[in-house]
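All heavy atoms count here, side chains included; hydrogens, waters and symmetry mates do not.
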Amino acid sequence: MLPSFFGLNTVTRALMAQQEAVDVVNQNISNASTPGYSEQTAVITATDPYTTPAFDRPGLSGQLGTGVVVSKVNRMQDELLNAQIRNGTQAMGQAQTMDDLYNQIQSIYNDPSNIAINSSATSFFNSVHDLSNNPESTAARTAMEQQGEGLASAISTRYQQLTSLQSDMNTKVEGIVGDVNSTIQQIAALNGQISEVTGLGDNANDLMDKRDTLVDHLSSLVDTRDVKNLDGTDTIQLNGRFLVNKDQAYTLSTLPNANSTATVKPVDVFWTQDLNQFQIVHPGYDPISGKNITTGQPLPSTATPPQSVQQTLITTGTLAGTMQIRDQVIQDTLLPQLNELADSFTNTQVLS
């Protein structure tokens, strides 16, 4: 014999399941313009039938359905597509940063055009030509001297502007590293919350959306690899080392490189864990050069490793683009070219 209100219970379950499905639709509509929100769908499945096989089961002609229930709320995401997008975001972040910095460099060389190096050099050599045609002219001599001073000033000004831009890039590197650290700490905290929710059998869809938005932002800053774990957490690596491992974040640090011969010492990026380990093993020593901060003496070859700390390997993203322009373009290319240009004038005694 069927239990009392068997049919009413079946209908009630159906109404409750449909109401929950409508609530999911309402959530989708409410967040249609929310950045990072993923569409959700209610999965409706049949509940267990009545009765189950047992020795004392009622004598019925067969099992009867007991209605439906929302078994889970799916989050519509394509992880393969997400990985491809993040790879593109890394390259785009680097390209956009480099384009912006190249535009700043171009403005240093070309604006204002009347005191640009090319314009100053043209005016100077025109004055040399005028003086060669009239070597006894005091006015021609004065004009050549003034144009020479203008050319020297143009070269010196560009040098100062480029080194000033390098200093700005050091500040930018520190800002990006701070952004990376803040982002991975938020991701690690969300991983902990997601793990708790999924451990209870619930869907942490909204928390995952927040985390994926942060992972997308992180991928624009540095090169990352995101691995999905069975417990719903993310593991994020930076060139083989953990940035985030479940609810643990592994931060980066910056230090000026005192070993550099550059006028503006570059701010380099290191793993905070490596710096802390070095300072524990070798207190009072510089982690980059391995020299005593007070005496300048290097660590003996028999000292306990590590004897110095290696820079963090960063190959793409906004951080890589900034460091590439600062080090490879300005320090290794443009500044030596200006020095070579100034030396060529000096060595040939043109300015004199």
Side-chain angles (χ1 to χ4, degrees), residues 20-21 23-43 70-97 175-252 271 312-321:
E20 188 171 350
D23 291 340
V24 172
V25 173
N26 292 336
Q27 172 75 349
N28 290 335
I29 295 173
S30 300
N31 290 276
S33 301
T34 301
Y37 179 79
S38 301
E39 181 183 354
Q40 300 177 15
T41 57
V43 178
V70 175
S71 58
K72 65 182 299 186
V73 179
N74 276 338
R75 174 171 170 264
M76 306 300 291
Q77 279 287 334
D78 187 333
E79 295 303 336
L80 176 60
L81 183 59
N82 285 342
Q84 294 173 339
I85 291 174
R86 286 166 187 158
N87 287 336
T89 301
Q90 294 170 16
M92 183 177 68
Q94 180 177 0
Q96 288 179 337
T97 297
I176 295 172
V177 170
D179 194 359
V180 169
N181 289 339
S182 174
T183 302
I184 63 175
Q185 288 166 349
Q186 293 178 68
I187 292 173
L190 285 170
N191 270 346
Q193 297 176 45
I194 291 169
S195 178
E196 292 177 359
V197 172
T198 55
L200 296 174
D202 291 336
N203 303 113
N205 293 334
D206 293 334
L207 293 175
M208 290 181 177
D209 284 344
K210 293 179 180 179
R211 183 188 61 194
D212 279 1
T213 300
L214 291 170
V215 174
D216 291 342
H217 174 63
L218 182 65
S219 67
S220 70
L221 303 177
V222 292
D223 33 328
T224 60
R225 179 172 179 266
D226 183 17
V227 178
K228 301 295 181 182
N229 301 315
L230 294 178
D231 60 355
T233 61
D234 275 9
T235 296
I236 302 176
Q237 296 179 341
L238 169 60
N239 288 315
R241 291 189 59 168
F242 287 130
L243 272 174
V244 179
N245 185 19
K246 296 190 175 181
D247 62 349
Q248 295 295 314
Y250 299 87
T251 59
L252 305 176
W271 290 98
T312 305
L313 178 61
I314 301 169
T315 55
T316 60
T318 300
L319 184 55

Which pair of heavy atoms, one from I314 and one from V222, lies closest together, and at what distance?
-> CG2-CG1, 4.3 Å
Within the distance-only criterion (no hydrogens, no angle test), does the side chain of D78 pair as donor or acceptor with the backbone N or O of L80 below 3.5 angstrom?
-> yes
T235/N229 under side chain to side chain donor-acceptor pair (under 3.5 Å): CA gap, chis, key distance, verdict | CA-CA 7 Å; T235 296; N229 301 315; 3.0 Å; yes
With D179, which residues qualify under side-chain hydrogen bond (donor to acceptor under 3.5 Å, both in side chains), at least two apart?
-> T183, H217
S38 side chain vs Q77 backbone, donor-acceptor pair below 3.5 Å | no
Heavy-atom closest pair (L190 atom, L207 atom, distance to 0.1 Å) is CD2-CD2, 3.9 Å
Pairing residues for D223 by the side-chain hydrogen bond (donor to acceptor under 3.5 Å, both in side chains) criterion, not counting sequence neighbours = N239, T315
Can you find a pair of side-chain heavy atoms, one from D231 and one from K246, that are under 4.5 Å apart?
-> yes
What pairs with E39 under side-chain hydrogen bond (donor to acceptor under 3.5 Å, both in side chains), at least two apart in sequence or on another chain?
-> none
Taking only residues two or more places apart in sequence, or in another chain, which ones meet Q248 in a side-chain contact (heavy atoms from CB on, under 4.5 Å)?
-> Y250
Which side-chain N or O atoms in residues 83-90 pair as donor and acceptor under 3.5 Å with protein atoms at least two apart or in another chain?
from, atom 1, to, atom 2, distance (Å)
R86, NE, D216, OD1, 2.7
R86, NH1, D226, OD2, 3.0
R86, NH2, D216, OD1, 3.2
N87, ND2, A83, O, 3.3
T89, OG1, I85, O, 2.8
Q90, OE1, T316, OG1, 3.3
Q90, NE2, T224, O, 3.1

Note, L218 side chain near I236 side chain (heavy atom, < 4.5 Å) = yes
Output all residues satisfying side-chain contact (heavy atoms from CB on, under 4.5 Å) with Q185, sequence neighbours left out; order by chain, then residue number.
-> A249, T251
Between T97 (side chain) and G93 (backbone), is there a donor-acceptor pair under 3.5 Å?
-> yes
Supply the atom-to-atom distance R211 CZ to T233 OG1, rounded to the nearest 0.5 angstrom.
-> 7.0 Å
Go through the structure and list residues passing side-chain hydrogen bond (donor to acceptor under 3.5 Å, both in side chains) with K72, not counting sequence neighbours.
-> N74
Could you please spell out the steps behind the side chain to side chain donor-acceptor pair (under 3.5 Å) verdict for N28 and Q40?
-> CA-CA 7 Å; N28 290 335; Q40 300 177 15; 5.5 Å; no
If every non-hydrogen atom of L243 is compared with every non-hydrogen atom of I184, which pair is closest and at what distance?
-> O-CD1, 3.8 Å
Separation between OG1 (T318) and CG (L221), nearest 0.5 Å, reads 5.5 Å
Please report the closest heavy-atom contact between A21 and V70, naming both atoms and the distance.
-> N-CG2, 4.5 Å
Looking at CD1 of I194 and CD1 of I187, how far apart are the two atoms once the value is rounded to the nearest 0.5 Å?
-> 10.0 Å
Contacts satisfying salt bridge (charged side-chain N to carboxylate O under 4.0 Å, His left out) that involve residues 193-209 (not counting sequence neighbours) are R75-D209
For N31, all residues meeting side-chain contact (heavy atoms from CB on, under 4.5 Å), sequence neighbours excluded | Q27, T34, Y37
With D234, which of L214, V215, V244, V227 fulfils side chain to side chain contact (heavy atoms under 4.5 Å, CB included)?
-> V215
D247 side chain vs A189 backbone, donor-acceptor pair below 3.5 Å = no
Please round to the nearest 0.5 Å and tell me the distance separating atom OG of S195 and atom CG of L230.
-> 11.5 Å
Sequence neighbours excluded, which residues qualify as salt bridge (charged side-chain N to carboxylate O under 4.0 Å, His left out) partners of R241?
-> D274
